[in-house]
Amino acid sequence: MERSPSTSARLRLALRMLARDWRAGELRVLAAALVVAVASVTSVAFFADRVSQALVRDAHQLLGADLVMVSDHAWDPVMRKAIVEHGLRDAEAWNFISMVRAGDAQQAQGEGPRNQLAGVKAVSAGYPLRGRLRTAPKPGAPDAPAAEGPARGTVWIEERLVSALGAPVGTRVRVGRSTFTVAAVLTLEPERSASFFNIAPRLMMNLDDVAATGLIQPGSRVRYYLYAAGARPALAEFEAWAKKRLGRGQRIDTLEDGRPRVRESIDRAQRFLGLTALLAAVLAGVAVALGTRRFVERHLDGCAVMRCLGAGQGQLLALYATEFTLLGLAACALGSALGFAAQGVIAGTLADLLRAELPPPTLWPALRGFLVGMVLLLGFALPPLVQLKNVPALRVMRREAGAPKVSAAASYALGLGLLAILLVWQAGDVELGLTIVGGFAGAVLLYALIAWGALGLLSSGAIARRLGARSPALRYGLANLRRHTRANAVQVASLALGLTAVLLLSFTRNDLVDAWRRAAPPDAPNRFVLGIQPDQLEAVKAFFAEQGIAVPDLYPMVRGRLTAVNGVAVDGKDYAGERAKRLVERAFNLSYAQTLPSHNQLAAGRWWPRGQGVPRELSVEEGIARTLGWKLGDALTFSVGSDSFTARITSLRRLRWDSMKVNFFVMAPPQLLSNYAASFVTAFHLAEGREVAMNALAAQFPNLTVVDVGAAVRQAQAVIDQLITAVQFVFLFALGAGVLVLYSALVATEDERRREAALMRVVGASRRHVTGSQRVEFLAMGVLAGALATAGAAALGQLLARRVFELDLPPSAMLLVVGPLAGLALLSLNAWLSSRKVLRASPALTLREET
Amino acid sequence: MLGAAKAVPAAAMATMDANQRMIETTTVLEARGIGKTVKSGDRDLVILRDIDLAVTQGDAVAVIGASGSGKSTLLAILAGLDQPSTGQVRIDGADLSALDEDARAELRGRAVGFVFQSFQLLPALTALENVMLPLEIAGDPAAEDAARAMLERVGLAERLQHYPKHLSGGEQQRVALARAFVVRPKLLLADEPTGSLDAESGAGVIQLIFDLNRESGTTLVMVTHDESLAQRCKRIVRLAAGRIVA
Ligand SMILES: Nc1ncnc2c1ncn2[C@@H]1O[C@H](COP(=O)(O)OP(=O)(O)O)[C@@H](O)[C@H]1O
Ligand SMILES: [Mg+2]
């Protein structure tokens with residue numbers, strides 16, 4: 001007979017063994033864990049792939065050019081000339097806010113002129129250099145790309161402005177001193193970033209018409225843009241040339257650093273999704289490890305028999321490795337298919353956030369899914385599988401010959417190592433990846449150590465004797481605990497881990513989501529009023545009262561430039577990062593108050609005490625302090641007009657920008673700033689249908705600027721809602737993985753217990769005695785697992801709230817009640833199930849099956 | 001001779017007899033000076049001492065002795081499942097101590113069949129799959145047909161797709177017998193094959209063992225503590241406290 005089987009024969013045998021083990025139900029949990037892990041990772045990866053394809057496709061369009069230069073004062077004409085001289089195409093635009101009035105036609109209907117603040121963008125010929133403007137003949141009609149910007153004498157307005165002004169295409173509108181014909185409805189423009197002041201509905205006009213409007217006066221708030229596009233080397237050369245000539249308040253945006261906010265929020269969404277997917281993968285790794293352990297335990301006898309029947313060690317190892325690889329490949333394929341379906345759901349949920357049509361995904365993410373699946377399988381299943389080949393054939397005759405013991409640390413080191421590499425790769429961040437793996441391994445170890453210690457203590461001599469005197473069940477139960485300390489500690493730790501995930505994903509997640517939603521409630525302010533003069537304060541308050549609008553807080557605002565930090569003159573070039581440079585070069589809006597604003601929180605230091613001389617103190621927002629490297633005790637010098645002052649940072653404040661309240665980076669005590677010229681600013685919520693009140697405000701106080709941030713608020717809420725939905729969807733995978741871990745942990749010791757119970761009954765123990773003693777054991781383990789999981793979920797929840805969501809999360813009473821109860825319920829279920837199985841079977845049968 | 005063989009059936013029988021006699025002279029299993037000592041705490045425990053045994057082709061040997069006398073240990077050593085502390089075992093001419101573990105496994109798969117007191121069927125496999133297993137391990141493409149035929153031979157044609165837990169003890173042991181004989185081993189090692197069975201099914205299994213043994217010319221070494229069963233074998237080796245006493 002041919003004794004060394006061919007490769008194809010081996011493969012066939014592995015396939016047959018796979019089918020047989022599958023039929024026996026030994027591989028299902030394992031396969032399910034892999035499918036969940038791969039599906040969760042690929043769903044996010046497919047989605048990310050589509051988004052990044054779209055971003056590459058639209059990147060230029062988003063910016064409107066290859067390079068954009070922004071200034072808060074008019075550009076030197078030399079600059080624009082230089083663009084052309086470098087062989088690049090050029091364009092120019094000015095942005096400013098202005099009141100727009102409906103023209104004469106509307107007056108005829110007797111409604112009086114309608115006004116609306118609009119974000120005016122005046123563009124030169126050639127704009128945009130990249131991407132296209134799109135217009136429609138009327139609101140809601142299909143749009144088409146436009147070859148050029150608006151012709152002279154005409155404007156394009158956004159749909160919102162059409163309805164606000166009642167000015168359809170063909171009617172006339174007044175901007176400043178000029179009148180224009182509405183030539184089209186503007187449906188799409190490049191660089192549509194959701195930046196604050198862009199939120200006023202857009203009116204686009206020809207740059208050559210601006211002078212006639214008389215709107216641009218010295219001191220007007222205008223942003224001046226220059227655009228360049230062309231070949232890369234020429235661009236780089238021009239950028240280098242221009243950089244040296246930038247003045248204060250001027251900057252260059254390129255594709256790399258000028259990422260619009262839309263991109264930022266998509267990035268954030270992807271990071272959340274990616275991390276959640278990884279959580280599912282890590283949990284699945286635990287389920288795979290537990291599942292394989294059980295598989296190995298159940299196959300020790302079979303392997304010994306096969307070695308008797310002539311299987312060599314290498315052959316056995318190859319057989320099982322092939323079997324598992326085949327299983328893994330099938331699970332990865334299924335998981336990838338599921339992930340593909342799931343990414344459609346994610347993309348659908350985030351449709352508004354994405355705005356653009358996404359290209360279909362490539363197949364690369366599936367490859368990533370296969371990699372994750374195989375790493376989990378090989379990392380966590382292979383080490384225990386290797387034990388199988390070392391089973392002595394003698395085990396068929398002497399059961400004690402047993403299996404060689406391999407230390408858990410050694411066998412899972414491979415899995416953890418591979419997982420760490422995977423996480424680092426997936427997170428794109430070494431520190432983050434290692435933190436997750438380390439945190440996870442640390443948590444498991446901590447759980448196991450605490451469980452081991454607590455179980456050991458509970459069953460230790462003194463305590464066991466005192467408790468055990470009460471009932472024999474208690475005594476035997478505690479004796480069991482002592483005998484199984486190690487195995488039980490592992491079981492408690494894995495149970496606690498699974499339960500932590502489930503608790504975290506059900507309770508803590510809801511708390512987090514609620515807290516997140518509450519951060520931007522529906523009655524968040526939707527109007528900002530700027531430029532209130534001190535002598536108008538009382539009149540403005542009276543106006544609000546008249547209109548039946550709760551009088552909002554009015555905050556003083558003094559504009560100052562940062563000139564020195566700790567006596568060293570400030571230069572934007574000293575700061576790393578565009579944001580930091582921009583922050584220090586821009587004028588700061590300084591405010592003053594005697595008390596901490598109610599929606600701010602003290603993060604460090606102390607708030608200034610009430611009235612005693614002129615305290616030279618400042619309170620700074622935490623984030624900007626971090627960005628600019630400011631610490632408590634640093635001395636900042638600001639120039640206000642021709643004057644300047646220096647004060648020390650004595651406190652750091654934490655605040656939420658997306659709360660839409662008025663917030664300031666830098667605040668000072670009133671004594672320090674009240675002598676400078678201040679204007680006041682406020683934010684309030686204008687109920688739907690009360691827009692007329694704003695017209696009245698504009699009429700009564702023409703110098704005020706009212707900004708409608710309602711749209712921004714709505715957008716922020718929509719984005720948050722979509723993010724929540726998408727993240728929750730991916731959470732489902734992690735939840736599934738958590739449940740699988742729980743299940744695997746529950747059945748982990750089932751076989752062993754069954755055998756022992758049978759033995760006890762053989763030596764004459766009653767059913768009640770057996771169940772009683774097992775119940776004591778399970779009870780202790782359940783309480784422990786529940787308590788560990790509760791503590792773990794609470795701690796992780798806090799960590800997530802602080803670090804990721806930047807929220808304060810009050811500890812959940814519900815979690816504290818449900819957590820331990822869930823632990824108890826699980827173990828009771830386990831006790832009931834196992835005692836039913838154990839006691840139904842006759843002892844002889846159980847023992848014969850087992851030996 | 002040739003002419004006679006063609007003409008008369010009786011002559012053919014005679015030829016077979018002659019062949020058998022010729023084979024009988026080959027030694028299939030040979031043990032020399034086997035001793036087994038294990039460490040038990042800080043004392044050495046002697047389980048087997050100075051065992052010499054030679055079994056020739058087609059022989060049937062019963063190893064009999066009280067419980068704990070070392071029968072199973074001896075069998076494990078003869079099968080190469082366990083290493084002796086002293087002495088040497090040869091199966092089919094090959095010195096086990098000169099072979100590595102994989103070569104011993106290969107030898108077992110090719111030349112040795114096993115029957116255990118506790119059957120040792122794989123619970124996740126059907127009767128048919130259990131019998132196919134040794135052939136599959138050897139890479140035999142015709143495993144299924146051979147296994148089917150073997151199960152029919154042991155009277156389990158109706159039980160092919162049954163799992164061990166749905167078979168009676170006697171049926172399980174017959175599946176184990178089919179699995180042992182399906183590779184046509186030179187040597188069958190049986191450790192108390194009826195130990196877990198009631199008298200009736202035990203008798204059936206024993207009858208089957210002797211029948212199969214005769215049909216396939218296998219050499220049989222059977223451990224038992226049943227005197228009447230031992231009497232049916234050609235030779236009896238008595239073991240007491242790790243020594244051969246008769
Ligand atoms: N590896 C071992 N370690 C300790 N004692 C052993 C070992 N192997 C066998 N024994 C002991 O040797 C004696 C003989 O065992 P065994 O061969 O199973 O006897 P039998 O099969 O005749 O009942 C028994 O007392 C058994 O406990
Ligand atoms: Mg024995």
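The sequence lines fix the lettering, A, B, ..., with proteins before strands; numbering per chain opens at 1.
Proximity of B:Leu78 to B:Leu53: side-chain heavy atoms (C-beta onward) are separated by under 4.5 Å at one or more points. At a threshold of 4.5 Å between non-hydrogen side-chain atoms, the residues B:Val61 and B:Leu29 do not count as touching.
Heavy atoms closer than 4.5 Å to chain B are found nowhere in A:Arg298, neither backbone nor side chain. Contact annotation for B:Thr73: neither backbone nor side-chain heavy atoms come within less than 4.5 Å of a heavy atom of chain A. At a 4.5 Å heavy-atom cutoff, the contact between A:Val305 and chain B is made by side-chain atoms alone. Neither the backbone nor the side chain of B:Arg104 comes within less than 4.5 Å of any heavy atom of chain A. Of the atoms belonging to B:Leu122, it is side-chain heavy atoms, and not backbone ones, that fall under 4.5 Å from chain A.
Side-chain N or O atoms of B:Gln172 include none that pairs as donor or acceptor with a backbone N or O of B:Phe119 at under 3.5 Å. When atom types are taken as modelled, the side chain of A:Ser744 and the backbone of A:Gly291 share no donor-acceptor pair closer than 3.5 angstrom. A donor-acceptor contact shorter than 3.5 Å links the side chain of B:Thr219 to the backbone of B:Gly58.
Contacts with chain A (heavy atom to heavy atom, under 4.5 Å) involve these residues of residues 96-103 of chain B, listed by number: B:Glu101, B:Asp102.
Donor-acceptor pairing under 3.5 Å is lacking for the side chains of B:Thr37 and B:Asp44.
Remark: A:Arg12 does not engage B:Glu144 in a salt bridge, criterion side-chain N to carboxylate O under 4.0 Å.
Relative ring orientation between B:Tyr163 and B:His166 is described as perpendicular, the plane-to-plane angle rising above 60° on a 0-90° scale split at 30° and 60°.
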